[in-house]
Amino acid sequence: DCECVEAPSDFREWLLSDGVFLANDNDVVQPAPRDLDDAASDEWSSDSSDGEQVPLPPLSDEFRARLDAALARVDRSAFVKLNWSAPRDVAWIVGANGELRFAGVDQTLSALKASDFLAHDLTDRFEHCTDAAAVDCSKVPLTVVLKPFRPLKPSREFRLFVFERRLLAATQRHANECHEFLCTDRDTFAERLAAFADKRLAQPDFALASFVADVYVANNGIRLLDIAPFGEMTDAVLFTWDELAERCQRRDRGDTVDVELRVVENAHGIRPSLQHIAGLPYDLTLGVTEACENVEELVAQLQKHTHSK
């Protein structure tokens with residue numbers, strides 16, 4: 001029940017191009033810059049001296065038609081991702097409740113183009129790989145993947161770390177929430193996850209020996225949601241990759257390494273969601289270090305910008 005739509009050769013360039021995708025229209029335009037104040041005008045200037053909107057080539061009608069047909073086959077209620085990642089950082093533009101539920105072509109393309117997660121995949125996906133120099137991201141064919149959307153309870157999602165066909169560790173998938181029953185029933189969940197990994201994921205005929213798997217624990221069984229690389233490019237959530245590497249080394253030495261399931265045990269253990277952080281304005285994310293060093297200046301600039309409107 002998964003739909004895969006092969007993207008045209010110019011899709012990567014379209015996704016990485018500057019500009020804003022306009023709903024109900026394929027054009028991507030470069031908007032004229034706005035000065036925050038006179039002193040900052042040089043920083044916000046554009047290469048285009050006249051500030052004209054420069055339309056970029058539209059996506060083909062044929063690709064849009066194939067994407068629309070795929071959306072129709074999943075009843076216009078789809079979870080969408082590109083080859084590696086879903087546009088989780090722009091969930092706020094998809095719907096009021098932040099669900100990644102897509103119904104139309106323009107809505108889908110808007111999210112794919114706006115996502116920094118996807119932009120990273122298109123330029124630096126293999127940065128942590130030992131053979132990264134031999135791989136050209138621009139040569140990797142792109143595929144839009146659509147799965148029927150299913151509402152899930154975040155408290156039931158877990159991330160499993162499988163190393164050399166054996167479960168190494170597991171963690172609550174979303175560390176921005178605390179659920180008391182996860183602490184109470186931790187051993188039960190750990191046993192179910194370990195049994196699932198041994199039976200379904202750690203088999204010799206499975207293509208990968210080491211990987212990260214996201215699963216959903218339902219009342220009637222466990223469902224595999226996604227698979228990611230075993231390495232720093234994948235969020236370790238409540239672990240660190242140094243901790244996981246140390247566990248791998250101990251297992252390689254022949255030491256007994258019990259599978260540990262980590263959950264958020266109280267409100268003090270809650271961590272901000274990467275999805276929500278990525279959805280903050282540019283000045284509050286990439287500029288957070290500078291902002292923390294001089295909060296008063298940041299507030300003054302924001303107030304000045306607000307009063308100038």
Side-chain angles (χ1 to χ4, degrees), residues 1-23 25-28 55-74 76-91 93-94 100-149 201 205-214 224-235 275 278:
D1 55 358
C2 176
E3 298 288 335
C4 296
V5 181
E6 295 184 4
S9 57
D10 61 348
F11 191 46
R12 180 180 183 277
E13 179 183 357
W14 185 85
L15 289 171
L16 292 175
S17 61
D18 291 334
V20 178
F21 177 77
L22 304 178
D25 195 335
N26 272 21
D27 289 345
V28 179
L56 295 174
L59 294 171
S60 69
D61 291 337
E62 184 269 341
F63 172 57
R64 290 174 59 88
R66 287 192 288 117
L67 188 56
D68 186 64
L71 284 164
R73 287 193 292 271
V74 293
R76 300 203 175 278
S77 180
F79 173 83
V80 178
K81 62 181 292 185
L82 215 52
N83 295 40
W84 301 283
S85 303
R88 294 179 293 111
D89 53 324
V90 295
I93 73 173
V94 180
L100 284 177
R101 185 199 298 255
F102 296 88
V105 173
D106 284 343
Q107 181 191 42
T108 301
L109 293 174
S110 295
L112 294 179
K113 181 166 180 56
S115 173
D116 286 338
F117 288 1
L118 269 58
H120 173 269
D121 285 351
L122 295 175
T123 57
D124 299 301
R125 182 60 192 176
F126 305 107
E127 62 179 330
H128 295 293
C129 298
T130 55
D131 58 348
V135 182
D136 185 352
C137 288
S138 65
K139 303 299 183 183
V140 178
L142 298 181
T143 301
V144 181
V145 181
L146 303 92
K147 302 178 182 180
F149 182 87
L201 303 179
D205 57 348
F206 198 77
L208 300 173
S210 300
F211 55 91
V212 177
D214 288 338
L224 176 63
L225 300 179
D226 205 357
I227 289 179
F230 187 90
E232 294 181 15
M233 69 288 291
T234 301
D235 185 8
Q275 173 179 322

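- Looking at heavy atoms from C-beta onward, V80 lies out of side-chain contact with L100 at the 4.5 angstrom threshold.
- Separation of atoms CG (L224) and CG (D226) is listed at 7.5 Å; rounding is to 0.5 Å.
- In this view, F149 satisfies the ring pair (Phe, Tyr, Trp, His ring centres under 6.0 Å) rule with no residue, not counting sequence neighbours.
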Kindly determine whether V144 and F63 satisfy side-chain contact (heavy atoms from CB on, under 4.5 Å), including the steps that lead there.
CA-CA 11 Å; V144 181; F63 172 57; 4.3 Å; yes
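- When atom types are taken as modelled, the side chain of S110 and the backbone of D106 share a donor-acceptor pair closer than 3.5 angstrom.
- Residues R64 and L59 share a closest heavy-atom pair of CD-O, 4.3 Å.
- For the pair L208 and F230, the minimum side-chain heavy-atom distance is 4.5 Å or more.
- Taking each heavy atom of R12 and S138 in turn, the nearest pair found is NE-CA, 3.4 Å.
- With values rounded to the nearest 0.5 angstrom, L112 atom CG is found 10.5 Å from Q107 atom CD.
- Counting only heavy atoms from C-beta outward, the side chains of T123 and C137 never approach each other to under 4.5 Å.
- In this structure, T108 and L71 have side chains that are in contact, with non-hydrogen atoms separated by less than 4.5 Å.
- The closest side-chain heavy-atom distance from W84 to V140 is below 4.5 Å.
- Using a distance-only test at 3.5 Å, with no hydrogens or angles considered, no donor-acceptor pair links the side chain of S115 to the main chain of V90.
- Taking CH2 of W14 as the reference point, atom CG of L109 lies at 4.5 Å (rounded to 0.5 Å).
- Put simply, the side chain of K147 gets close to the backbone of L225: a donor and an acceptor are under 3.5 Å apart.
- Taken to the nearest 0.5 Å, the CZ atom of F117 stands 13.5 Å off from the CG atom of L122.
- Put simply, the side chain of K113 gets close to the backbone of S17: a donor and an acceptor are under 3.5 Å apart.
- Under the 4.5 Å side-chain criterion, counting only non-hydrogen atoms from C-beta, S85 is not in contact with M233.
- Taking 4.5 Å as the limit, every side-chain heavy atom of P141 sits out of range of all side-chain heavy atoms of E6.
- Taking the six-membered ring for Trp and thresholds of 30 and 60 degrees, F211 and F206 have ring planes inclined between 30 and 60 degrees apart.
- Taking CG of L67 as the reference point, atom CD of E62 lies at 11.0 Å (rounded to 0.5 Å).
- The two residues P87 and L118 make their nearest non-hydrogen contact at N-CD1, 3.8 Å.
- Note that the CG atom of L146 and the CZ atom of R76 stand 10.5 Å from one another [nearest 0.5 Å].
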